[in-house]
Structure formats: C-alpha cells, structure tokens
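In what follows, a structure is listed as structure tokens, so that the remarks can point back to it.
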Amino acid sequence: MSSPPFPQPFDAEKAATGLERWREDAARRSGDDPDLAAFMQDCIAAGTPARALLDCCFGNSPFLTACLLRDPVFVRQLLETGPDATRTALFDGIRASLSAERKIDVLMRGLRVGKRRVALLTALADIAGLWPLETVTETLSDYAETALSLASGHLLREGHLGGHLRLPNPDQPEENSGFVVLGMGKLGARELNYSSDIDIIVLYDHDRIDYTGTKSPQEFFVRLTKSLVRIMDERTGDGYVFRTDLRLRPDPGSTAVAISTDAAETYYESFGQNWERAAMIKVRTVAGDRERGAAFVRHLRPFVWRRSLDFYAIQDIHSIKRQINAHRGGATVAVAGHNIKVGRGGIREIEFFAQTQQLIWGGRVPEVRPARTLDAINALVTLGQVDEAVRDDLDRCYRFLRGLEHRLQMIDDAQTQTLPEDDARLTHVAAFYGFGDLPSFHAAVRGILETVERHYAALFEEAPSLAPDNGNLVFTGHEDDPGTLATLSSMGFTNPQSIAATIRGWHHGRYRATRSTRSKELLTELIPTLLAALGRTAQPDSAFFRFDEFLAGLPAGVQIFSLFHANPPLLDLVAEIMGDAPRLASILAKRPSMLDSVLALDFFDAIPGAEVLGTELDRQLDHCHSYEEILDVSRLWSNGRRFQVGVQTLRRLIDAREAGYALTNIADVVLSRLLTATEAEFTRLHGTVPGGGLAVVALGKMGGREMTATSDLDLITVYDTAEDAETSDGPKPLSRNDYFIRLTQRFVNAITALTAEGRLYEVDMRLRPSGSKGPLAVSLPAFLKYNAEDAWTWEKLAQTRARIVCGPPELCRKVEAALRTSLTAAQDPDKVLVDVADMRALMARERKATNLFDVKLHRGGLVDVEFIVQYLLLRHAATLPQILTPTVGEALPRLRGAGLLTADQAATLLEAQGLWLAVQGLLRYSIDGTFNEAEAPAGLTQRLAAAAAEPDFDRLKTRMTDLYDRVHSIFRILIDEPAEQARIRRTAAAPDSPVAKECPQ
C-alpha cells in the first residue's frame, strides 16, 4: 500500500495499548508462524505506512482495533496484495466455501467472519484513500448481496431436502425457485454505508414454486424469511452480518414478512404512494430467483415511471418536500448533535433533490432513472434540469457527508449519523476524519450543510412550506424522522412515535378513506394543517386518535379532504370537537355527513323556534314514502340539529339555558311528527276509536325545557274517547284500552328503535300513574281520578314540571286542565313539607355526589334547587296558581314576585341553577362518565372556568363551593327546618302515621 497522510490518533494512550497488544501477539506467533510474526513486527516499525495506519485505527476506532488484532493473517494479505486483489479473493473464497454448506451454524460463522473482513478491508481502503466512495459502498453492498444469496440458497436447498418444495435445480437452489429477495434503498443502489442495515422485500410466486409441504406456501415462506433474517441479523460470538429490515414491504403493519408477487403487484398498482415510487427507483433483485425478480421490477415500471405524470401526483411530491423544513436563507446550522443524514443540509436532502425530480421526469426521459444519487443528479444536468455548478456542489457535499458518516460508524460499528454533542467526542470524530482542530472541522461541516440546504431549499420556491418553523412533518418511509418526532412533541403531542406510525398507516391505505391515490395526495397536503389544529386542543393525543376513529368510519376521503382544504375553519372546528368534546366527536365519527350542515350559512346563527323547526322537518318528511323512511329522516334531522346545538355550546355562542330550550324544541318537534306518523301507520291496521285521541306529556328535563346532550325523555300518555266507544273500527279492531296501550308502545318504539341512522332518545315512562305497575297509557278520567285520590307527593312534585308536547288540541287542553286541577288542589302543608324533606334525605343517603363537579347530586346542587322550586309550587299553587310553570328558570322570578322567596334567595338560586346547568351541559358534551379533576385536560378545566365567566379553574371551584353552601342553607331554611317542626306537629296529631313514601330516583 502507498503512504497517504493517515489521520492522527485521537487517543494516544489507546493507540499505544493497541500497538502493545499487536507486539505481544507477534511474539506469541513467532514459534508457530515466524513469517507472520516478522510481518507483524515490521508493521510497527516507526515511520512506516503500516505503523501510521495502525496508529490511526488503534487511536480512533475500538471496532477496527478489535478487527485488526483478531485477524492479522487477513491484514497481512491486505497489506501485501492490496485492496482490489484482496476483495476478489475474499469474495471468491466465501462463495466457494459456503455455497454448498448445509450446517447453518457453519454458514452463519462463515458469513460473519466474511463481514468482519469486508468491514476491515473497506475501512482501511477508505482511510488510506485507495478507494473512492463508489468502491467502498459497492463492496459493502456486494457483500450484503452475496450473503443474502448464500443464505437464501441454503434455506431453499434445505426446504427441498426436507420435502417442503421441489426445486427445478437443487444444485443451483435459487434458480427458478419463485423466491425473490429485493434490495431496497442503499442496498438496491449499491450505496450501503459502513454500518448500514439492509432493507429488503421478500416475495414468492405461486405460479413458479412447487410447494409440497403440509402447510400453506405463505406459512412456509414466512418461516423461511424469518430464518433468513436470523442468519443475517442475529448476533453471535462472531458478530452479525447485516441488520435486516423488512419494513419497506407493502403496508408492513398489516402484511406478513413474505408476501406473494400477486399481492405486492396489486398493492403497488392500487395503493402505492409517491414516496414508495421514490423507494422503487433503487429496487433490484439481490437474492433468490433473479429472473422472477427482474420480471417483478419490470412490471412495476409503469407505477414508478409514469409516462404522463398528473398534476396531483406532482403536487403530492412537492407536498412531501415541503413538509421538510428547508431554510432558504442559509441560516447557520449547529454542528454538535446534528444528524448528517436526515438533519438540515444532510444526505437525505441530496437524495430527495434527485429522487423528486426523477419521479417527475423519469417517465418520459429514461436517462434520468439511475439508482445512484450522484448518477441521477448527473443525468438531470444532461436533461437541463440541474445546473452544472449545483451538480458540482452537491457531488462534493455528498462525498464529504458520506465519508463523515463512515468515520462516525467506524468508531464503534454503530448505525449512527448523529454528530456527538460534546466537544471531546466531536474532536475525536474530527481527528478521525483528518482535521487538525475542532474549529476547522466545524467550519467545513457547516459550510457543507449550508450549501446543501441552499440548493435543496431552491426546490421550494414555487410554493410555501408546509413544515412548521424549525421542524419537519414527514411521514414517508418506514422509519421515524427525528425532526418530525421533535416537531410533534413541540406541538403538544406526548406520544409522537404512535402519531407518526398511525399517519403512515393512513398513507398505506388502512382505511377506505385513504385508499385512493387522490385521497392520499390530498392527505399529504392536509396533514401539517390538521396536526397544527389538533395540537392546539386541550389533549392533542386524544384529539388525534378520535380523528383517527373519525377517519376509520369515512366511506371515502376525497370529498371530506377537499372540504377541509377549501374550508380551513372547518378543520379547526373538527379538531376542537375531537379534542374538547368527545361526545360530539363520537357522533361525528358515526355520522361524518353532519359536517355538511356546518357549511350552511346559518349554522352558527341562533337556533330557530319550534314553529320554524317544525316547518323544516315537515319539508323533509314530505319526501318520505314509508314509515321506516320517516324514522330515518327524523333521526337525521334531529341528530343534525342537536349537533348544531352542541357545537354552539362548545363555542359558547349559546348558554346552558338557551341550549336547553333549543334541545327541547327539537325533541318537541320530532315527537309531534312521529306521533302523527305512528298513528297513521297504526290506523291502517287497527282503524280509529270514535272520538279518540292520544296526548303526550313530558316531565323532568324535557318538561322543564332544560334538556342536555344526554337527556332521556320522561313521558306519560293520556287518551280520551267518546263515552260509548268500546273498540276501534279497523281490519283488526282492538278494545279501547288495548288500542291506546299498543299505540303508545308503537310510539315509544318509533323513538327508541335503533335504525341505520341510530336512535332518537331513550324513553322513561315510570312517572305514569301507578308507575311501572300501571298501564302504559292512561285514560283521561282515570288520570283525573288518580290525581285526586291516589297520587303520592313525589308524583305531584313531578307534575310541577309536566308539559303537554303533542296530541289533538282539544285533548291537550283537557289534559292541561287536569294537571292544573291536580296541582292547585288544596294540600296538607305539613305532609307536603315532610314528604319533600324525607325524599331529599333518602336521595342524599342512597345517591351521594362523587365530587365537587357532580352538580346534580351535590348538596346545594341542581336537585336541591329543583326540590325548593317544586316544593314551593306544590305548596302554594292552590292560592297562587299564577306561579305555576314547568321551567325552573321561569318559576324562580314568579316565586320571588309572589313573596315566597326573598330577592337574595331567588338571585342565589337563579345563579346556582345557571352555573350548574352550564357545568353539567359542558361536561355532558366533553366526557363520558365521572369528571376527575386530577385527570382532566387543561383545556377542559379552562372551558369550565370560561363557561362560568371565571378567570381560572381555582376561582371556579371556590365559587362552586360557596354556591353549594348558600343553596343548601336556603334548602334548610325553607324545607329541612320547617319539616322538623311539621314532624312534631304531625306526630302529636297521629303518632302511628307514616310520614314518607319512596319515590323513583
């Protein structure tokens, strides 16, 4: 070998130790092999090229030190015959000794010894400057190909001898075997780096294999592939051959490690992405059936090289580029800690500079298709797409960076491209690369990175960047881009690896919405904006995965992605829903078409009243041709309008009381239309009852016009007929009672049935006379009699929130009068007082509040406010009937006006009810289950505070605690304390009488 200026040893002490060990080994060998011992002694003679080379390796690379000390025989061959001859002899010897080897342990040891020698050969030839970059990378790549071929041949032969398959030529097992190993990336382009892993795709062709085993061909070839990876990848006492990666195969998250050629061809033709086209630029067969592999690669040419590249594909390629942060201004790049492969100005940018232009021009100009990066850039110069000066710069930079990459990896045989953070280790790398000091190394590396960055950024001048400042958002390939993970973390995502993997799954077409080429191209452009929007929510990770659920349910993607592109505020709204309103997110995931309604000009306007809503629903129902269609359309309309209320609540465009009114109007309208439709359907079979009609009465939240997102419907039905009517007059007549009971059943089913469009509401009818023991529908006379003679106090309390929803006008007036008669009947004041106090005490014992935010059950919460109001209405309606109203918020001012509440008491109760409704409404949209303050996202606590017009969450809790105490104090003053006195009076009057009855809770 000639005598180039070798890099100086960074660690003189390690260099001296290495020389001493070399000297000791030479002495040990002097008896058995005096010629080798003499050679070894000559190598360490001062001033010789061999000594300079040993000093360089011993003082800079623990890995090369171990290789040199382990194999002086090979070192002698290399130094005496030169790297070219040594390479030829090494490869020939490995093939000769292992091509027919049947023992897997012998094969594995032979391949590992060969790899160690190839690593030493390429390192010394590289350090000595005897081989250019191309020869170094070709040698490493050729050895990987040789090792894969020998391992594949061994496994195929063993499969043949084991009776699993019949090979056409057992002496040449790979030939026509139907088993194909494709080399991808740097292996495919013969550009492997020093400590590179290898990317392969393993295929098998059903039509070429002659499988004779007992399992399926896929099972056999999957097992064979795993054995192949083990041969290459497993670390033994002799090291490893190459780390082997199979993740560049089609959709690696859902496919086996070996797939059929048919499945692979179908995938690329149907679901292949533009970045996969870029990966296929470098593909070649490296082992197995080379004829079949070549045919597969030829088959994919139309996929890779589109003769007529459409506008959207070009846009997608540019979108991928623009997701990588490129600085046009050539801002200073930090050297320490920089990743020279994927960082700014790194190797990947040079590769992408070539590949993106190859994809655009290669379909029409075959000359720009070379797999090697520098060859491709040269071809683009010839085509006139790249200036010669740019080519010269990139050629120089590429060679510098690849050489630096190799030095980094030679130190410890580590697959790394990241420069050390600390100055001592960085000085080590600089010295090994031949730099005399750290400042000159800094200047050289920075100059290279900035040159690459400047030329790469020029590709972006046509369109604005899609990348955030100082970060990337790249989801191509199979590896996590470090810049992308850092960007995701900075956006607020706590599990960036999972986010990145999920997005790669979208691009692989895991969901129907992302399978078409156009949808994936739109998604590429959309993802940065989407992630930014999700990152602004209270819980970015949860928001992202709810969006993933939403995406999974979409039947197609192009329309919705185009909608997001055309309406960026819509994407922000969807992100807000996904992050802060899980219930709305669930609705949206099931009914993505609801987004269409958001685009209506009046979506964020005030929700119209019941009359306008009714006209709107009637117009839609006019087009229905069947009862089933009416059920579906009613659900679609109701869900859409309720979604609108939810969004407006989320955006704080309406308060809780307004939302309650709107939700109640929606329920009123849809129930009235369903009753009409159900009666019409029921009449076809059973006719009508003379003079008959059915009225629907709402109680609870619906009766009080205070519905929330999760409210069910507390209903009772009351019917009336002509006095002499006994049966209906239809083809299948029913008795009067059975007719209205079955009509009620049909009506309830119309509300609760789960159709293709979901269900409307859950219905609870336990508040009807006699509860669950009474008939489902009650006649008007029976209703009057029950209220006058048998109704319990809790039933009377429930009636204070009763409201007629729908039915024949005359019957509705009669039922309303019956309710008013019941509520204005004279009451035993003490009995009402004691019953109310006992009912609330029972509820407090059996249904305790879970925490401060259980605003319904907490003492001083919604139940206490409602009990106070209902008690006062029932207690005083006989003398003050004008106070009656089913809505708590309307009743409180009436009670104050009647002198039943002081101004302070009424103000406190109004404030409390408004706050409890606001908190309850927001939580119902935002979470499932119990609110847990410790686990609540910051965004939700902020929303709760904002809904209460408080500056922060702590102030909200303080106010809630104070309000609970004030309301409970009012409850004690108006109910608990007077009830104690009433008990005393009642006990004195009738010692044995019961004072309370249980009520439904």
Side-chain angles (χ1 to χ4, degrees), residues 608-642 663-699 702-703 707 713-722 725 728-734 736 738-753 755 757-763 765 768 776-780 802-816:
E611 185 176 346
V612 174
L613 290 175
T615 301
E616 177 183 276
L617 179 56
D618 288 339
R619 281 199 302 268
Q620 296 188 26
L621 293 177
D622 284 345
H623 300 285
C624 294
H625 301 291
S626 68
Y627 182 64
E628 289 71 22
E629 194 174 352
I630 290 173
L631 299 186
D632 282 338
V633 169
S634 298
R635 282 155 173 74
L636 278 168
W637 176 85
S638 173
N639 290 336
R641 278 298 187 178
R642 285 191 283 171
L663 290 170
T664 304
N665 283 337
I666 293 166
D668 284 358
V669 165
V670 77
L671 259 62
S672 66
R673 272 60 180 179
L674 280 180
L675 180 62
T676 299
T678 302
E679 286 177 330
E681 182 72 6
F682 194 74
T683 300
R684 286 195 305 109
L685 191 60
H686 301 293
T688 61
V689 177
L694 184 76
V696 178
V697 182
L699 302 100
M702 185 181 180
M707 291 182 67
L713 308 183
D714 290 303
L715 302 178
I716 62 175
T717 57
V718 180
Y719 67 89
D720 196 21
T721 67
S728 64
D729 56 10
K732 292 188 175 181
L734 295 171
R736 176 175 57 189
D738 285 347
Y739 182 92
F740 288 104
I741 288 171
R742 290 180 62 176
L743 175 58
T744 297
Q745 288 174 328
R746 288 291 300 272
F747 175 61
V748 171
N749 286 340
I751 300 168
T752 60
T755 75
E757 300 301 334
R759 61 167 49 89
L760 275 173
Y761 303 95
E762 297 290 349
V763 173
M765 301 195 73
R768 66 187 185 270
L776 205 57
V778 61
S779 69
L780 180 60
R803 185 175 58 83
I804 315 302
V805 173
C806 54
E810 181 59 31
L811 176 58
C812 289
R813 283 191 290 271
K814 291 179 179 178
V815 174
E816 188 168 6

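The structure presented is a predicted model; accordingly, all values stated were derived computationally and were not measured. As a basis for the values below, the full set of heavy atoms in this structure was taken, side chains included, without hydrogen atoms, waters or symmetry mates.
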Task: Rounded distance (nearest 0.5 Å) linking atom CG of Leu699 with atom CE of Met765 - done: 10.0 Å
Task: Evaluation steps, side chain to side chain contact (heavy atoms under 4.5 Å, CB included), between Arg642 and Leu760 - done: CA-CA 10 Å; Arg642 285 191 283 171; Leu760 275 173; 4.3 Å; yes
Task: Straight-line distance of Ile804 CD1 to Cys812 SG, nearest 0.5 Å - done: 6.0 Å
Task: Partner set under salt bridge (Lys or Arg N to Asp or Glu O under 4.0 Å) for Glu810, not counting sequence neighbours - done: Arg813
Task: Test side chain to side chain donor-acceptor pair (under 3.5 Å) applied to Arg768 - qualifying residues, sequence neighbours left out - done: none
Open item on the list: For the backbone of Lys732 and the side chain of His686, can you confirm whether one donor and one acceptor N or O come within less than 3.5 Å of each other?
Closed with: yes
Task: Heavy-atom pair with the smallest gap, counting every atom of Gly693 and Pro808 - done: CA-CG, 3.9 Å
Task: Non-neighbouring partners of Thr676 that pass side chain to side chain contact (heavy atoms under 4.5 Å, CB included), sequence neighbours left out - done: none
TODO: Identify, with sequence neighbours excluded, every residue that meets side chain to side chain donor-acceptor pair (under 3.5 Å) alongside Arg684.
DONE: Glu681
- [ ] Kindly compute the distance separating CZ (Phe682) from OG1 (Thr688), expressed to the nearest 0.5 Å.
- [x] 11.0 Å
Open item on the list: Test of understanding: with side chain to side chain donor-acceptor pair (under 3.5 Å), list the residues that count as partners of Thr664, not counting sequence neighbours.
Closed with: none
Task: Sequence-distant partners of Gln620, side chain to side chain contact (heavy atoms under 4.5 Å, CB included), two or more places apart - done: Glu616, Val633, Trp637
Task: Inter- and intrachain pairs under salt bridge (charged side-chain N to carboxylate O under 4.0 Å, His left out), touching residues 619-635, at least two apart - done: none
Task: With sequence neighbours excluded, residues passing side chain to side chain donor-acceptor pair (under 3.5 Å) with Asn749 - done: none
Open item on the list: Working to the nearest 0.5 angstrom, can you tell me the gap between Ser638 OG and Ile666 CD1?
Closed with: 6.0 Å
TODO: Identify the heavy atoms of Pro733 and Pro731 that sit nearest to each other, and give their distance.
DONE: CD-O, 3.4 Å
Open item on the list: Please give me the minimum heavy-atom distance between Tyr719 and Ala777, naming the atom from each residue.
Closed with: CE2-O, 3.7 Å
TODO: Sequence neighbours left out, what passes side chain to side chain contact (heavy atoms under 4.5 Å, CB included) with Pro608? Give chain and number order.
DONE: Val612, Leu613, Arg641
Task: Expected output: side-chain Ser728 to main-chain Leu734 donor-acceptor under 3.5 Å - done: yes
TODO: Please name the pair of heavy atoms, one in Asn665 and one in Gly609, separated by the smallest distance, quoted to 0.1 Å.
DONE: ND2-CA, 4.3 Å
TODO: Give every residue pair that meets the salt bridge (charged side-chain N to carboxylate O under 4.0 Å, His left out) criterion with at least one member in residues 663-676, sequence neighbours excluded.
DONE: Asp618-Arg673, Asp668-Arg705, Asp668-Arg803
Task: Separation of Asp729 CG from Thr683 OG1 (nearest 0.5 Å) - done: 8.5 Å
Task: Student check: side-chain heavy atoms of Thr721 and Tyr739 closer than 4.5 Å - done: no
- [ ] Please determine which of Ile751, Asn639, Leu621 meets the side chain to side chain contact (heavy atoms under 4.5 Å, CB included) test together with Ser634.
- [x] Leu621
What pairs of donor and acceptor atoms, side-chain ones from residues 741-748 against any protein atom, are under 3.5 angstrom apart with sequence neighbours left out?
residue: Thr744; atom: OG1; partner: Thr717; partner atom: OG1; Å: 3.1
residue: Thr744; atom: OG1; partner: Phe740; partner atom: O; Å: 2.7

Task: Residue pair Val805, Leu675: steps toward the side chain to side chain contact (heavy atoms under 4.5 Å, CB included) verdict - done: CA-CA 10 Å; Val805 173; Leu675 180 62; over 6 Å; no
TODO: For residues Ile716 and Val778, determine if any side-chain heavy atom of one lies less than 4.5 Å from a side-chain heavy atom of the other.
DONE: no
Open item on the list: For the CD1 atom of Ile630 and the OG1 atom of Thr678, what is their distance to the nearest 0.5 Å?
Closed with: 8.5 Å
Task: Results of salt bridge (Lys or Arg N to Asp or Glu O under 4.0 Å) for Asp714 - residues two or more places apart only - done: none
Open item on the list: Minimum heavy-atom separation for Ala695 and Leu811, please, with both atom names.
Closed with: N-CD2, 3.5 Å
Task: Smallest separation among heavy atoms of Ala725 and Pro690, with atom names - done: CB-O, 3.6 Å
